[in-house]
Amino acid sequence: MPGAAPTETLEAPGEACGVFAAYSTTQRVSHLIYFGLFALQHRGQESAGIATSNGETVTVFKDLGLVAQVFDEPALAGLDGHLGIGHTRYSTMGSTSWANAQPAHRQVGNTSVALGHNGNLTNTAELAASLGVSTATTDSDLMAEGLARLIDDERSDSRGLEVALMEVAPSWKGAFSLVLMDQGRIVGLRDPNGFRPLCLGALSDGGWVLSSETAALDLVGAKFVREVAPGEMIVIDANGVKSHYPFREVKPGLCLFEFVYFARPDSHMYGRSIHGARHEMGRRLAAEHPANADVVVPVPESGIPAAQGFAAASGIPYTDGLVKNRYVGRTFIEPTQMLRDQGIRLKLNPIPDSLRGKRVVLVDDSIVRGSTTGKLVSMVRDAGAAEVHLRISSPPYRWPCFYGMDTSDRSTLIAAHMTVEEIRAHLGADTLGYLSLEALLEATGVADAGFCTACLSGEYPTDIPESSDKFQLEPH
Ligand code: SF4
């Protein structure tokens with residue numbers, strides 16, 4: 001399990017991949033998918049890949065790095081065809097290597113399939129054993145392998161991928177929002193809980209796109225049609241769009257952290273604006289944990305909407321007290337120890353004039369490990385703040401996530417081992433307040449739509465990997 005990504009927003013857990021797919025009736029899709037992935041870059045910065053089909057051949061191009069680093073005009077020119085899929089990766093399983101970059105690809109006779117995965121399976125050991133595979137390095141690779149073994153390349157209707165997927169999908173447990181393709185179709189599939197988002201958009205030429213987030217539809221000029229339902233499989237080919245439902249039981253449980261932090265603020269989920277929900281989280285945070293203070297300062301950028309909501313509800317002026325370096329991207333240069341000690345300054349720098357002598361409400365979306373939040377509190381104090389009142393727009397993150405976030409090691413979670421008062425003292429804040437789970441759910445505006453809250457409540461919507469003893473997961 002890799003550590004936090006360099007581009008990780010301070011204390012929030014790392015994201016876990018973005019997926020995009022396009023089927024056009026009139027145009028090559030490589031540029032379209034490129035811009036779709038570009039809009040989903042925040043979901044994964046370790047690698048990027050696109051696979052396209054010209055009707056006969058599937059071509060895959062992938063590499064380590066940001067979308068804009070991996071692809072240039074010649075690379076996109078080499079990706080021929082009117083349908084394809086794309087993926088940006090943040091490795092929550094398997095190492096950062098070229099081989100683990102996606103789309104994963106398999107050739108079965110004349111059928112060529114590619115797969116891009118957002119999420120984490122929870123039964124990888126079982127799947128590997130049943131396939132007799134010891135070389136697969138990621139759950140996504142296991143999925144591609146299991147799928148490939150069921151593809152009947154002899155079918156006269158060329159529906160090998162579709163039929164095999166219907167058969168194999170119920171054996172996958174955990175979180176998976178997938179885009180897949182063969183030479184003639186793209187497919188979108190969400191697990192029965194719908195942990196990770198996936199939506200359908202329409203192109204003006206009669207074509208279709210699938211995307212992790214609605215914000216990517218806007219960027220490629222596609223119109224939002226609807227979310228792919230939990231447990232739904234959508235097949236798009238020359239005959240149009242059709243749905244299948246491979247799973248017996250469906251229980252919606254979108255990751256609540258999509259609303260707190262992962263998703264772009266300009267996306268919508270469950271029909272609700274992410275920005276609007278975050279603003280409301282800040283309002284409710286001000287009601288639950290008021291502060292006597294002079295200014296409200298966000299931790300940019302994910303803390304901004306909640307800080308605005310806090311300021312609006314409390315009447316305390318909102319001000320920028322920290323500046324984010326927007327161009328911090330994935331770097332393959334290891335910093336020296338001295339530079340690492342100053343690491344946070346690569347991302348954020350204080351504005352002393354906004355902070356000096358002030359009682360500051362510092363608003364962030366989450367505290368996972370605690371190390372960078374402590375540095376942030378010190379930074380704000382060193383810049384002259386008289387008091388620092390830390391306010392967090394989500395509850396304490398106490399349990400590990402097995403559904404695609406890089407927090408499966410409970411020992412790294414500060415709230416698993418400390419009380420709120422101990423965390424406050426550890427971070428050096430004057431006061432600390434977390435939003436309650438009840439208020440967070442209400443702030444989404446769609447509390448009854450179905451959410452996973454496992455990392456906040458300990459209530460897992462599925463079986464979790466056997467190596468993780470549920471009884472050891474009780475909070476402090
Ligand atoms: Fe999201 Fe937490 Fe559930 Fe993981 S455990 S899917 S981070 S709500």
Side-chain angles (χ1 to χ4, degrees), residues 16-24 29 32-33 36-37 39-40 43-44 49-53 58 82-89 102-104 113-119 121 140 143-144 147 159-170 172 174-203 206-217 220 222-247 250 252 254-255 258 263 267-270 404:
C17 307
V19 294
F20 194 87
Y23 187 103
S24 171
V29 291
L32 201 105
I33 296 172
L37 292 183
L40 298 173
R43 299 184 71 89
I50 295 176
T52 58
S53 166
V58 170
H82 70 289
L83 66 109
I85 65 173
H87 186 266
T88 60
R89 179 164 194 261
Q102 296 185 35
V113 296
L115 170 154
H117 173 207
N118 176 196
L121 295 191
S140 315
M143 294 169 114
L147 181 63
R159 289 178 57 229
L161 166 63
E162 209 174 319
V163 173
L165 194 51
M166 286 290 288
E167 191 178 339
V168 75
W172 297 334
F176 47 96
S177 274
L178 299 173
V179 289
L180 306 101
M181 67 180 290
D182 61 14
Q183 285 99 325
R185 56 186 58 69
I186 59 171
V187 181
L189 174 67
R190 267 181 105 187
D191 66 67
N193 296 100
F195 286 105
R196 301 284 148 230
L198 192 65
C199 65
L200 175 70
L203 293 167
W208 302 91
V209 295
L210 294 160
S211 171
S212 291
E213 292 188 34
T214 60
L217 304 184
V220 301
K223 202 164 149 263
F224 174 74
V225 176
R226 65 178 178 87
E227 293 182 2
V228 177
E232 183 181 8
M233 172 178 149
I234 285 191
V235 180
I236 302 168
D237 60 17
N239 299 316
V241 179
K242 64 176 182 281
S243 293
H244 301 291
Y245 300 91
F247 308 99
V250 169
L254 177 69
C255 169
E258 294 284 350
S267 282
H268 286 70
M269 287 183 191
Y270 282 154

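Within the model, atoms CG of Leu83 and CD of Gln183 stand 9.0 Å from one another, a figure rounded to the nearest 0.5 Å. Here the CG-CG distance, from Leu203 to Leu32, works out to 5.5 Å after rounding to the nearest 0.5 Å. Annotation: the span from His117 atom NE2 to Cys17 atom SG amounts to 7.5 Å, rounded to 0.5 Å. Here the CD-CG distance, from Glu167 to Leu147, works out to 10.0 Å after rounding to the nearest 0.5 Å. Rounding to the nearest 0.5 Å gives a distance of 12.0 Å between CE of Met181 and CD1 of Ile236. With rounding to the nearest 0.5 angstrom, the CG atom of Leu254 is 6.5 Å from the CE atom of Met269.
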(request) Would you check, one step at a time, whether the test side chain to side chain contact (heavy atoms under 4.5 Å, CB included) holds for Val225 with Trp208? (result) CA-CA 10 Å; Val225 176; Trp208 302 91; 4.0 Å; yes

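Residues Pro192 and Phe176 have side chains in contact (heavy-atom distance under 4.5 Å, counting atoms from C-beta outward).
The residue from Val113, Leu115, Ile186 that alone fulfils the side chain to side chain contact (heavy atoms under 4.5 Å, CB included) condition with Leu161 is Val113.
Glu232 meets the side-chain hydrogen bond (donor to acceptor under 3.5 Å, both in side chains) test with Arg226, Ser243; sequence neighbours excluded. Under the ring-ring contact (aromatic ring centres under 6.0 Å, His included) criterion, Phe224 pairs with no residue, sequence neighbours left out. By the side-chain contact (heavy atoms from CB on, under 4.5 Å) test, His82 pairs with Tyr23, sequence neighbours left out. Partners of Ala39 by side-chain contact (heavy atoms from CB on, under 4.5 Å), not counting sequence neighbours, listed by chain and number: Ala216, Leu219, Arg264. When the side-chain contact (heavy atoms from CB on, under 4.5 Å) test is applied to Lys242, the partners found at least two apart in sequence or on another chain are Glu162, Val235, Asp237, His244. Residues meeting the side-chain contact (heavy atoms from CB on, under 4.5 Å) test with Ala169, sequence neighbours left out: Trp172, Leu189, Pro246, Phe247. For Ser24, the side-chain hydrogen bond (donor to acceptor under 3.5 Å, both in side chains) criterion is met by Asp205, not counting sequence neighbours. Residues passing the ring-ring contact (aromatic ring centres under 6.0 Å, His included) test with Phe20, sequence neighbours excluded: none. For the side-chain hydrogen bond (donor to acceptor under 3.5 Å, both in side chains) test, residues two or more places apart in sequence or in another chain that qualify with Ser267 are Glu213.
In this structure, Ser53 and Val58 approach most closely via the heavy-atom pair CB-CG2, 4.0 Å. A pairwise comparison of heavy atoms in Ser212 and Asn118 identifies OG-OD1, 4.2 Å as the closest pair. Across Pro103 and Ile50, no two heavy atoms sit closer than the pair CD-N, 3.7 Å. The two residues Arg43 and Ala263 make their nearest non-hydrogen contact at NH1-CA, 4.4 Å. Considering every non-hydrogen atom in both Ile234 and Leu200, the closest pair reads CD1-CD2, 4.3 Å. The shortest heavy-atom contact between Val187 and Leu210 is C-CD1, 3.8 Å.
Screening residues 187-202 for side-chain hydrogen bond (donor to acceptor under 3.5 Å, both in side chains) gives Arg196-Glu258 as the qualifying pairs, with residues at least two apart or on separate chains.
When atom types are taken as modelled, the side chain of Thr88 and the backbone of Leu37 share no donor-acceptor pair closer than 3.5 angstrom. Judged by distance alone, the side chain of Ser211 and the main-chain N or O of Leu217 form no donor-acceptor pair under 3.5 Å.
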